[in-house]
Amino acid sequence: MAAPPPGLSIVAELSAANGLSADTSNQTPTCTAIVKIANRHGLHARPAARLVQESRLFDARIELRNLDTGAGPVPATSLSRVATLGALCGHRVEVAATGSQAQEALNHVLALANRRFDEQDPTSAAAPQRSAGHRAHGTPMPASPGIAIGPAVSMRAADVEIPDEVPGDSPTEWRRVRAAIAEVRREIQRIRVAAAREGGEGEAAIFDAHLMLIDDTDLLDDVRARIAAGQAAPRAWIDAIASVEAEFAGVSDEYLRARALDVHAVGQQVARALTGAPAIRIEGEGVLIVDDLVPAQVADLDTSRVTGIVMAAGSPTSHSAILARSRAIPTVVAAGPAVLDVPPGTTVALDGTTGRVFVDPSEETLRELDAADQQARAKTALARAGAFSPAVTRDGVEVLVGANLGSVPDARAAADNGAELAGLVRTEFLYLGRHQPPTTEEQIEVYRSLADALGGERLTLRTLDIGGDKPLPYAPQPPEANPFLGMRGIRLALAQRDLLDDQLRAIVAVAYETPVSVMFPMVSTVDELADARHRLDLAIQLAGRGRPAGLQVGIMVEVPAAALKADAFAPHVDFFSVGTNDLTQYTVAAERGNPSVASLGDPLDPGVLHLIRAVCRAAEGRCLVAVCGELAADEAATPLLVALGVRELSVAPSSVAVVKQAVRQIDRAADAELVHRALTAAGPRDVRAILG
């Protein structure tokens with residue numbers, strides 16, 4: 001057999017000339033092949049879950065056998081059984097498929113194997129230096145401004161105490177299990193959506209393993225058998241999951257043994273749903289040190305106990321980081337996995353503005369940080385004093401400062417901080433975490449509540465921005481190899497017209513009552529915009545009251561092609577809103593949530609700035625240009641954005657007053673020299689040096 005090309009991660013060792021062998025000694029042919037595992041940690045949870053997920057798609061029985069250990073055969077559709085193979089890097093696994101789609105199933109598994117089961121290359125990070133007064137090593141990045149000093153605290157989930165209860169009849173106990181699993185499934189799907197959005201499919205894949213586990217046929221059969229034997233639902237579940245956990249813990253490879261912790265975590269999640277036990281608690285008060293957080297966890301943090309956050313992973317443009325900023329929790333991300341080894345109680349200091357993290361800081365460092373904190377507090381107090389005054393440059397150019405919203409409480413916070421409009425309402429918060437879409441009436445009620453909370457200021461309602469990396473159970477899409485380049489935003493909305501039409505009807509209804517802007521996401525062609533505007537016109541016709549007086553239409557500029565074609569879009573819009581988070585990742589080809597390339601995803605890259613200038617030039621004298629990505633909240637970038645021609649900045653509610661004050665510090669709105677120097681800089685670091 002010829003050697004594989006460089007970079008091929010898994011080699012199919014073919015057992016016949018055509019790569020397959022078929023056993024035709026009976027009426028049900030069996031096709032077999034051998035694959036060599038080259039995933040660094042073998043068939044651990046993520047690649048195994050991918051294999052299980054794909055194996056369930058065919059009318060075929062697929063079995064696996066580890067030729068190097070003799071383990072198996074096991075069904076490829078059971079995550080718990082696949083784990084018992086102990087398939088490590090370099091092991092040969094025989095794949096045997098039987099059934100009407102045996103050939104197709106085997107070919108599919110081989111293709112999946114040659115893609116390393118769609119697992120990304122693992123990354124490593126340096127350990128933090130623990131010497132007193134020294135910064136943590138790795139590549140920490142600022143995510144939410146502010147100084148935090150305090151003892152290190154962790155987030156822990158206590159094991160559920162299983163009650164000694166008298167079981168009901170078997171059908172009743174089984175229904176309890178199914179209901180608990182359904183509840184956990186919804187929660188995992190919700191978290192997976194958030195994880196995929198903030199970190200990409202590679203980061204979200206672990207949740208596929210969790211979903212595969214709670215739906216594992218062998219596991220559920222075991223639970224049902226224990227219930228039939230007289231156990232109550234909680235005891236039957238915890239004993240059955242313990243058996244699976246023991247299978248993981250019993251394999252020889254240390255990494256695979258560690259995955260028993262994942263099984264334990266999911267088992268406890270279902271046990272909590274069965275017993276009503278509390279979920280997660282913060283042990284102590286101080287600086288929270290975690291691997292990563294999903295947005296829901298950030299939203300649930302008690303800010304009277306958590307003064308700051310240090311994440312080993314994460315990205316400054318993740319939704320968790322965005323939420324931390326909106327809640328004014330000083331945060332540093334991408335600090336490296338060894339930061340998790342900091343013992344609880346150790347003094348940790350962080351500067352969420354610069355990204356500095358100190359373990360056991362010296363007295364000198366503490367004095368320096370305290371001085372920076374006092375300066376920041378004075379600056380914030382000055383900004384708060386002018387929160388409800390317009391943001392006008394010293395040469396008389398007014399810049400609107402609005403807020404990015406994802407809930408009604410966000411709208412209240414925006415109003416309290418002086419926001420002049422909602423520059424971005426992420427309407428998908430209405431759609432996620434449920435099994436059917438919100439009705440038109442539900443949407444109208446929420447949009448009205450947002451308007452009321454803002455005191456009647458303009459609402460910029462972005463239409464549903466979901467897709468491959470943010471799936472909805474009621475808008476199913478086939479799996480995508482690269483969801484960030486697939487059916488997202490307006491593409492999916494135009495394919496799922498019922499969802500879009502219902503939302504546009506709700507938007508139009510509210511637009512008769514309060515100023516509304518409708519904004520279409522991820523637009524890349526004029527035809528998409530024309531189609532979307534046509535759907536909006538139909539919604540207006542259906543309302544039968546004529547076009548709402550204050551209704552405006554715009555697009556998100558997140559795709560480089562849209563920025564470069566802004567001249568073609570300008571006649572058809574009232575405004576452009578530049579989403580610098582996605583625009584940056586598409587421009588520099590660096591996924592926004594991937595920590596290994598996070599440093600590349602800087603929106604001050606001159607390439608991104610050239611695109612923003614192209615949009616502003618096309619819009620000049622025709623329509624307004626806003627920025628609603630995280631760059632809008634970067635005070636250092638404010639003079640440059642205004643000089644480029646941006647006239648609206650939409651930020652987290654907590655940043656509104658500070659950004660307004662930054663606008664007031666600008667001497668000249670049209671600063672051609674600043675623009676020239678930034679656009680001709682070599683990279684974002686040079687741009688930041690220019691901005692001071």
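Scanning both residues, Y512 and A543, for their nearest heavy atoms gives OH-CB, 3.6 Å. Here the shortest heavy-atom pairing between L350 and I309 reads CD2-O, 3.7 Å. Taking both residues in full, the closest heavy atoms of L536 and V508 are given as CD1-CG2, 3.8 Å, listed atom of the first, atom of the second, then distance. Of all heavy-atom pairs between A143 and V333, the closest is CB-CG1, 3.7 Å. The two residues N404 and P653 have their closest heavy-atom pair at O-CD, 3.7 Å. Annotation for L424 and S650: closest pair N-OG, 3.7 Å, computed over non-hydrogen atoms.
To the nearest 0.5 Å, atoms CG (L405) and CG (L454) are separated by 6.0 Å. Expressed to the nearest 0.5 Å, how far CD of E420 lies from NZ of K660 amounts to 4.0 Å. Interatomic distance, S654 OG to I329 CD1, rounded to the nearest 0.5 Å: 10.0 Å. Rounding to the nearest 0.5 angstrom, the gap separating the OH atom in Y586 from the OG atom in S524 is 10.0 Å. Rounded to the nearest 0.5 Å, atoms OG1 (T463) and CD (Q503) are 5.5 Å apart. Here the CZ-CD1 distance, from R533 to I540, works out to 8.5 Å after rounding to the nearest 0.5 Å.
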(message) Working note: M487 + M522, criterion side-chain contact (heavy atoms from CB on, under 4.5 Å); need CA distance, chi angles, decisive distance, verdict.
(response) CA-CA 10 Å; M487 292 294 285; M522 291 298 296; over 6 Å; no
(request) Would you please test E428 and R462 for salt bridge (charged side-chain N to carboxylate O under 4.0 Å, His left out) and show each step? (result) CA-CA 9 Å; E428 53 270 15; R462 182 178 69 186; 2.5 Å; yes
(request) Give the intermediate values and the outcome of side-chain contact (heavy atoms from CB on, under 4.5 Å) for residues L366 and E363. (result) CA-CA 5 Å; L366 289 174; E363 288 299 322; 4.2 Å; yes
(request) In sequence, state the C-alpha distance, the side-chain angles, and the governing distance for V397 and V392, and then conclude on side-chain contact (heavy atoms from CB on, under 4.5 Å). (result) CA-CA 5 Å; V397 174; V392 182; 5.9 Å; no
(message) Please evaluate residues L459 and L421 with respect to the criterion side-chain contact (heavy atoms from CB on, under 4.5 Å), reporting the C-alpha separation (whole Å), side-chain torsions for both, the decisive distance (0.1 Å), and the verdict.
(response) CA-CA 6 Å; L459 291 177; L421 76 160; over 6 Å; no
(message) Does R622 form a salt bridge (charged side-chain N to carboxylate O under 4.0 Å, His left out) with D574? I'd like the steps, not just the answer.
(response) CA-CA 8 Å; R622 305 161 83 177; D574 298 300; over 6 Å; no
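Contact check on R426 versus D465 returns no salt bridge, with no Lys/Arg side-chain nitrogen under 4.0 Å from an Asp/Glu carboxylate oxygen. Between D686 and R677 there is no salt bridge, since none of the side-chain N atoms of the basic residue sits less than 4.0 Å from a carboxylate O of the acidic one. Contact check on D667 versus R394 returns a salt bridge, with a Lys/Arg side-chain nitrogen under 4.0 Å from an Asp/Glu carboxylate oxygen. Between R384 and D416 there is no salt bridge, since no side-chain nitrogen of the basic residue lies less than 4.0 Å from a carboxylate oxygen of the acidic one. One finds no salt bridge joining R305 and D302 here, because no Lys/Arg side-chain nitrogen approaches an Asp/Glu carboxylate oxygen to under 4.0 Å. Comment: R458 does not engage E648 in a salt bridge, judged by the lack of any side-chain N to carboxylate O separation of less than 4.0 angstrom. Between R356 and E368 there is a salt bridge, with a side-chain nitrogen of the basic residue lying less than 4.0 Å from a carboxylate oxygen of the acidic one.
Side-chain contact check for R547 versus D537: some heavy-atom pair is nearer than 4.5 Å. For the pair M556/V523, no side-chain contact is recorded, criterion being any heavy-atom separation below 4.5 Å from C-beta on. Between V446 and F429, the closest side-chain pair of non-hydrogen atoms falls below 4.5 Å. Under the 4.5 Å side-chain criterion, counting only non-hydrogen atoms from C-beta, M519 is in contact with F575. Between R688 and D634, the closest side-chain pair of non-hydrogen atoms falls below 4.5 Å. The closest side-chain heavy-atom distance from L461 to S517 is not below 4.5 Å. Proximity of T587 to L611: side-chain heavy atoms (C-beta onward) are separated by under 4.5 Å at one or more points. Considering only heavy atoms from C-beta on, I666 stays 4.5 Å or farther from D671 through its side chain.
Here the side chain of N417 pairs no donor or acceptor atom with the backbone of A387 at under 3.5 angstrom. Without hydrogens or angle criteria, D373 side chain to L369 main chain gives no donor-acceptor distance under 3.5 Å. A distance-only check finds no donor-acceptor pair linking the side chain of S655 to the backbone of V651 [under 3.5 Å]. With hydrogens and angles disregarded, a donor-acceptor distance shorter than 3.5 Å links the side chain of T307 to the backbone of G286. Remark: the backbone N or O of L679 is paired with a side-chain donor or acceptor of H610 at under 3.5 angstrom.
Between D527 and T525, the side chains place no donor N or O within less than 3.5 Å of an acceptor N or O (distance only, hydrogens not considered). Looking at E630 and T580, their side chains never bring a donor and an acceptor atom within 3.5 Å of each other. Between the side chains of Q661 and R664, at least one donor N or O sits under 3.5 Å from an acceptor N or O. Counting only N and O atoms by type, the side chains of E445 and S449 include no donor and acceptor under 3.5 Å apart. A donor-acceptor pair shorter than 3.5 Å cannot be found between the side chains of Q443 and R505. Judged by distance alone, the side chains of E513 and Y447 never bring a donor and an acceptor atom under 3.5 Å apart. Using a 3.5 Å distance cut-off with no hydrogens or angles, the side chains of S362 and T365 do pair a donor with an acceptor.
Evaluated for a side chain to side chain contact (heavy atoms under 4.5 Å, CB included) with V357, the options I289, V348, V287 yield exactly one hit, V348.
For CD of Q665, the number of neighbouring non-hydrogen atoms (other residues, nucleotides, ligands) closer than 6.0 Å is greater than 12.
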